[in-house]
Amino acid sequence: MNGPDFERFQANAQDCGVLFYYAGEFTPAVVAAAADSLKQRLTTEDASGPAKRKLFSTFVEMAHNILHYAVPPDDDAQTTAAADVPAAPAPKGAIGVGKDLPAAGLEGDGPPQYWIVCSNAVDIAHVPRLTDKLDALRAMSLEEIKQSYREQLRNPDHNATDTLSKGAGLGLLTIARDASAPLEYSFAPSPDTEGRTALFHVKARI
């Protein structure tokens with residue numbers, strides 16, 4: 001990337017209202033550092049305290065979803081320092097935080113509207129299950145989402161009935177609960193995976 005390319009990159013990010021963006025490997029240390037950076041970035045924003053808390057919570061949930069569920073690329077096998085034993089490659093993904101900008105010449109009314117979007121590869125076999133979950137969430141009212149969240153907290157059989165989810169399976173419910181509109185999502189074919197994975201995008205508005 002040369003100077004003019006970088007200037008265009010900066011201009012495009014500014015036009016899209018990007019406040020924070022990261023793409024690359026996701027590890028617990030990376031997620032913690034990114035979350036801390038976002039927290040510092042949000043101190044310069046005019047958003048209310050509750051809005052900032054929801055932004056931060058949603059960012060952490062999305063980052064952990066990438067960390068736990070993204071399919072690592074096949075060509076990233078590494079070896080441990082102790083022996084030539086392949087180590088599990090770190091999952092990769094991207095996550096961005098921004099805010100909607102008023103149209104040119106118009107002043108924005110009311111509080112700023114923020115968004116968070118993430119992207120990562122998922123096993124193609126999991127696409128129908130994710131689609132069903134997200135479509136069900138999109139059809140729920142906020143009160144129904146909160147009720148489902150409370151029920152899931154009290155569900156001791158979750159790990160037995162959903163072996164793919166980690167923890168209590170509250171990630172998407174938490175994101176949907178804090179969002180100001182139904183979650184947006186899409187799937188696209190992943191390049192160079194021979195149809196084994198799909199690129200999964202999720203967007204939440206706060």
Side-chain angles (χ1 to χ4, degrees), residues 8-27 30-31 34-35 37-38 41-42 51 54-76 89-101 112-140 142 145 148 162 164-167 169-206:
R8 285 190 290 271
F9 174 80
Q10 286 181 297
N12 190 45
Q14 187 174 23
D15 290 343
C16 292
V18 175
L19 302 174
F20 180 91
Y21 174 77
Y22 170 78
E25 291 187 349
F26 276 68
T27 65
V30 166
V31 171
S37 295
L38 176 64
R41 179 66 178 86
L42 291 177
K54 289 179 179 180
L55 275 168
F56 185 76
S57 171
T58 299
F59 177 88
V60 171
E61 289 293 341
M62 285 188 172
H64 277 102
N65 280 347
I66 296 174
L67 178 63
H68 294 308
Y69 301 117
V71 176
D74 290 336
D75 58 355
D76 277 1
K92 291 184 176 180
I95 189 166
V97 180
K99 63 180 176 181
D100 293 332
L101 302 178
Q113 297 296 303
Y114 292 88
W115 51 262
I116 305 181
V117 62
C118 67
S119 173
N120 61 271
V122 296
D123 192 310
I124 196 72
H126 298 166
V127 171
R129 169 182 166 274
L130 287 168
T131 299
D132 289 344
K133 275 196 166 188
L134 285 158
D135 283 348
L137 276 175
R138 285 173 52 82
M140 290 182 185
L142 178 57
I145 291 172
S148 182
D162 188 348
L164 295 177
S165 293
K166 297 177 175 62
L170 297 171
L172 287 175
L173 280 168
T174 301
I175 295 170
R177 183 192 60 183
D178 288 343
S180 62
L183 301 182
E184 303 170 36
Y185 76 94
S186 65
F187 295 96
S190 295
D192 305 323
T193 62
E194 300 178 351
R196 292 180 293 103
T197 65
L199 286 176
F200 177 41
H201 303 85
V202 179
K203 182 178 182 179
R205 295 184 178 276
I206 304 297

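What's counted below: heavy atoms across the whole structure, side chains too, no hydrogens, waters or symmetry copies.
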With [X], which residues qualify under side chain to side chain donor-acceptor pair (under 3.5 Å), at least two apart?
X	value
R41	T44, E45
K54	none
T174	none

Go through H126 and Y69 one step at a time and tell me if the side chain to side chain contact (heavy atoms under 4.5 Å, CB included) criterion holds. CA-CA 10 Å; H126 298 166; Y69 301 117; over 6 Å; no
Side chain to side chain contact (heavy atoms under 4.5 Å, CB included) partners for [X], two or more places apart:
X	value
F56	A35, K39, V60
A94	Y21, A23
S190	A121, T193, T197, L199
V30	Y22, T27

Mind checking ring-ring contact (aromatic ring centres under 6.0 Å, His included) for F59 and listing every partner two or more places apart, or none if nothing turns up? F20
Out of curiosity, [X] [atom1] to [Y] [atom2], how far, rounded to the nearest 0.5 Å?
X	Y	atom1	atom2	value
R177	T58	CZ	OG1	9.0 Å
I116	L55	CD1	CG	5.0 Å
D178	S57	CG	OG	5.0 Å
S180	Q113	OG	CD	5.5 Å
L137	I175	CG	CD1	9.5 Å
F187	L134	CZ	CG	6.5 Å

Shortest non-hydrogen contact from [X] to [Y]?
X	Y	value
A70	P91	CB-CB, 3.7 Å
G171	E61	CA-OE1, 3.4 Å
I95	A63	CD1-N, 4.0 Å

Is there side-chain contact between T131 and Y185, with at least one heavy-atom pair below 4.5 Å? yes
Taking the cut-offs as 6.0 angstrom to the six-membered ring centre and 45 degrees off its axis, would you call K203 and W115 a cation-pi pair? yes
R8: salt bridge (Lys or Arg N to Asp or Glu O under 4.0 Å) partners, not counting sequence neighbours: D5
Please name all residues satisfying salt bridge (Lys or Arg N to Asp or Glu O under 4.0 Å) with R205, sequence neighbours left out, ordered by chain then number. D100, E184
Could you check whether atom CD of Q14 has more than 12 heavy atoms from other residues, nucleotides or ligands sitting under 6.0 Å from it? no
Side chain to side chain contact (heavy atoms under 4.5 Å, CB included) evaluation trace for F26 with N120: CA-CA 10 Å; F26 276 68; N120 61 271; over 6 Å; no
